[in-house]
A.B. asks: 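Once you've had a glance at the structure underneath, I'll fire off some questions.
Just the heavy atoms: all of them, side chains too, but no hydrogens, waters or symmetry mates, feed the values below. Within every chain, numbering begins at 1; the chains are lettered A, B, ... in the order of the sequence lines, protein sequences first and strands thereafter. Everything numeric here is computed off the predicted structure, so don't read it as measured data.
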There are 2 protein chains.
Amino acid sequence: MSTIKKVCQLAGVSTATVSRALKNPSMVSEKTREKILKAIAESGYRPNVLASSIKTGKTNTIVVLVPNLSNPFFLKIIQGIEQAAQESGYSVLLGDTQGDPARENEYAGMVLSNRVDGIIHLDHSFPFSDNDAALAEAVPMVSVCERIVSDIKYPVIELDNYAACRALAKHLISYGHQKFAVIAGQIDSQIHRDRLGGITSVLAEENIAFNDDMIVGGEYSIEAGEKGVNILMSRHEKPTAIFCFNDDIAIGAIHEIKKHGLKVPGDISVVGFDDIKVSGYIDPPLTTIHQPASEMGRKAVEVVLKQIRKEVLKKDREIMQFQLVERESTGLAKNS
Amino acid sequence: MSTIKKVCQLAGVSTATVSRALKNPSMVSEKTREKILKAIAESGYRPNVLASSIKTGKTNTIVVLVPNLSNPFFLKIIQGIEQAAQESGYSVLLGDTQGDPARENEYAGMVLSNRVDGIIHLDHSFPFSDNDAALAEAVPMVSVCERIVSDIKYPVIELDNYAACRALAKHLISYGHQKFAVIAGQIDSQIHRDRLGGITSVLAEENIAFNDDMIVGGEYSIEAGEKGVNILMSRHEKPTAIFCFNDDIAIGAIHEIKKHGLKVPGDISVVGFDDIKVSGYIDPPLTTIHQPASEMGRKAVEVVLKQIRKEVLKKDREIMQFQLVERESTGLAKNS
DNA sequence: ATAGGTAATGTAATCATTTACATTGTACTC
DNA sequence: GAGTACAATGTAAATGATTACATTACCTAT
């Protein structure tokens, strides 16, 4: 592999001039620049980014911490991140944490060992270990969808989950539903509280009874949707409408409801959350909340790059627009 | 950020000793190692991986080139890659190329500029530009699923697509199907030729007519499946069974067939390829070929790491086991 | 007691760049 | 024609680690 020195020799200039010809073309004369470019082509020279990074202190890389790579919704966010990063000359390191704190520590630590410049976190955990907590203060980091729980405030890109769930609840009530259940994802996060809060606020306004027994689940997966339905079906009092806290759960739930010989939405209406691609293609097509996933990813990049460049952030909370997508998994409540 | 020098001061030793205490603990005495560990904890020191990499010439990072991040099947592979890489102390850089040669060049070039040590390519294109082609010779690179087309031979991890499609064809013929169509993905790749070859070989053996008119498509997406069905349905001669070259296409196809008022498999049987998670949950559940996606990812990491370490590869072609998963999207042919 | 071996540590070169500072050269002004 | 300004380039220090080589100290065998 040829280094800058080979180019120097070929072009008959100093390393400084070669470096300038590449990073700061206006500082070298047209003539020498051409000479250098020719030498570069001839030698097949490629600047060693490591050497460059060590001097400038910038790696032009960000790491994305994902709790669950199988979730297509995260994928969409990551796609947005990747594109925006690329446009800004940044690379994206993938950190599949599986929600495991040890892995989160490891990936988050990359910013401390100069491997990456910033972190985009798709989970609510504080990814640094106790050891590193003090150092985390100045770390460029942003959370998407979830809100990071920590003493330090980090900017967040999120949906108005509360309002979105209010919209879903009103939609179902407009079809005459009175008996609701929730199949939730992880329940120790802020978005869970926001979503649940949105639902219960509407139910309270409408004087519809609801209690925590009607909340099942604990994981954002198809299997959790199946399992959730089975639990609900084993109960005496059965819901006529189920809020699933993501589309994967809803897909599992609908599948399982049909297995029980019941109709969606004839017997039970189901709503999801996220609007992943396939939700429009299952049977029945899913009523859900559309999140602008790839835009959220782009926004996250924008914010974390601003932090990296030490620009001032106007807002530390960006709220994205949701959209209620009415498809065919919701309909009139039975016996109403 | 504290450097190795601060640790030296605190521990009262030289940089060499600190470095050795971390990378080669057996070379320093127990006593000084403890002293150094204490100093590290005290200072919050994190080794700068850039400085380390520049000296060792290893970045401990590989880049994955993905043509299409929205495809859940690739995701599964990437998940396998990420896990295997992590276990070996490697990080994964994500390169969403969208099949764009310019982006491929850019990402592939990372190995030439010391940003990554190797490449895992999920597409069939030769990712280097003409400029860099000569340098590509020694680059650690492996292709998964597809086979890279180039003068240089790279190892490949793939399925026996030919045999898999033979199995699908035989399965459908056993249900009495005689009129087939194919909704393909990109048709200029080796896997397309292998898969098509598998199908036509069986049809030839059974004296079943088939010609290129019955091949539609050109992209691996849900939309391509819908469009493909519409083209086929506009024809005079309609198929009773459709081979979709991935599950996304099959999902779109089934959805569109039902829109036309036809039944799957009553009127038309549909098979997919890949066995993505959701394929078991659509209506009807999809008959498809299961690929061990995450194992393929793991295998790819194994192979590329061997190349990086300049170990000799026993095989330059790893063929993975497929499995025909019979679900409910296939059944007896109409009028048979 | 001396030579020789070994374990532990230190010194300083090295990796490939960037960049502060120094130098050179040219053109322009009075 | 001396002085000034500025553009272009060069020199060498610096980035933060690793590591070849040098040194020291101590132990053992003769």
A.B. asks: Examine the side chains of A/S125 and A/E104 and answer whether a donor and an acceptor come within less than 3.5 Å of each other.
C.D. replies: yes
A.B. asks: Grab the CZ-P distance between B/R115 and C/dT17 for me, whole Å please.
C.D. replies: 14 Å
A.B. asks: Between C1' on D/dA8 and CD1 on A/I36, what's the gap in Å once rounded to a whole number?
C.D. replies: 11 Å
A.B. asks: Indicate, yes or no, whether a donor-acceptor pair under 3.5 Å links the base of C/dT18 to the side chain of A/K55.
C.D. replies: yes
A.B. asks: Go nucleotide by nucleotide along DNA chain D from the 5' end; which of B/R20 and B/N48 gets its closest nucleotide reached first?
C.D. replies: B/N48
A.B. asks: Starting at NZ of A/K31 and ending at C1' of C/dG25, how long is that distance when rounded to a whole Å?
C.D. replies: 12 Å
A.B. asks: Would you classify A/R46 as touching base, sugar-phosphate or nothing, given that sugar-phosphate means primed atoms plus P, OP1 and OP2, and contacts are heavy atoms under 4.0 Å?
C.D. replies: sugar-phosphate
A.B. asks: Under 4.0 angstrom, heavy atoms only, what part of the nucleic acid is A/K5 near: base, sugar-phosphate, or nothing?
C.D. replies: nothing
A.B. asks: Have a look at A/S143 and tell me which of A/I157, A/V303, A/V156 forms a side chain to side chain contact (heavy atoms under 4.5 Å, CB included) with it.
C.D. replies: A/V156
A.B. asks: Which residues pass the side chain to side chain donor-acceptor pair (under 3.5 Å) test with A/E30, sequence neighbours left out?
C.D. replies: A/R33
A.B. asks: Would one find a side-chain N or O of B/S52 under 4.0 angstrom from OP1 or OP2 of D/dA17?
C.D. replies: no
A.B. asks: Students often get this wrong, so: under 4.0 angstrom with heavy atoms, is A/V13 touching a base, only sugar-phosphate, or nothing?
C.D. replies: sugar-phosphate
A.B. asks: What is the distance, to the nearest angstrom, from the CD1 atom on A/I4 to the C1' atom on C/dT19?
C.D. replies: 12 Å
A.B. asks: Under a plain distance cut-off of 3.5 Å, with no hydrogens placed, do A/R115 and A/T61 share a side-chain donor-acceptor pair?
C.D. replies: no
A.B. asks: Using C1' atoms of five pairs at each end, report the bend of the helix from C/dA1-D/dT30 to C/dC30-D/dG1 rounded to 10 degrees.
C.D. replies: 50°
A.B. asks: What nucleic acid atoms does A/S53 come within less than 4.0 Å of, heavy atoms only: base, sugar-phosphate, or nothing?
C.D. replies: nothing
A.B. asks: Please check if the side chain of B/D117 supplies one atom and the backbone of B/K58 the other of a donor-acceptor pair under 3.5 Å.
C.D. replies: no
A.B. asks: Looking only at side-chain atoms of B/S14, point me to the closest of D/dA17, D/dA12, C/dT11.
C.D. replies: C/dT11
A.B. asks: Run the numbers on B/I4 and B/N48 for side chain to side chain contact (heavy atoms under 4.5 Å, CB included), then give the verdict.
C.D. replies: CA-CA 9 Å; B/I4 201 170; B/N48 183 323; over 6 Å; no
A.B. asks: Looking at the side chain of B/V28, which of C/dT19, C/dT9, D/dA17 is the nearest nucleotide?
C.D. replies: C/dT9
A.B. asks: Whole-Å distance between D/dA17 C1' and B/K23 NZ?
C.D. replies: 9 Å
A.B. asks: For the pair made of CD in A/Q9 and P in D/dG10, what is the distance, rounded to whole Å?
C.D. replies: 14 Å
A.B. asks: Taking OP1 and OP2 of C/dA16, is either one under 4.0 Å from a side-chain nitrogen or oxygen of A/T15?
C.D. replies: no
A.B. asks: Just compare D/dG10, D/dG16, C/dT9 and give me whichever is closest to any side-chain atom of B/S29.
C.D. replies: C/dT9
A.B. asks: Quick one: B/I54 CD1 to C/dA13 P, roughly how many Å, whole number?
C.D. replies: 18 Å
A.B. asks: Is there a donor-acceptor contact under 3.5 Å linking the side chains of B/S129 and B/N131?
C.D. replies: no
A.B. asks: Quick one: is D/dA17 close enough that its OP1 or OP2 comes under 4.0 Å of any side-chain N or O from B/T56?
C.D. replies: no
A.B. asks: Is any NZ, NE, NH1 or NH2 atom of the basic residue among B/K76 and B/D274 found under 4.0 Å from an Asp or Glu carboxylate oxygen of the other?
C.D. replies: no
A.B. asks: Between A/T17 and D/dG10, does any side-chain N or O lie under 4.0 Å from OP1 or OP2?
C.D. replies: yes
A.B. asks: Between C/dT18, D/dT18, C/dA8, spot the one nearest the side chain of B/S19, thanks.
C.D. replies: D/dT18
A.B. asks: Send over the distance from A/N60 CG to C/dT17 P, rounded to a whole Å.
C.D. replies: 16 Å
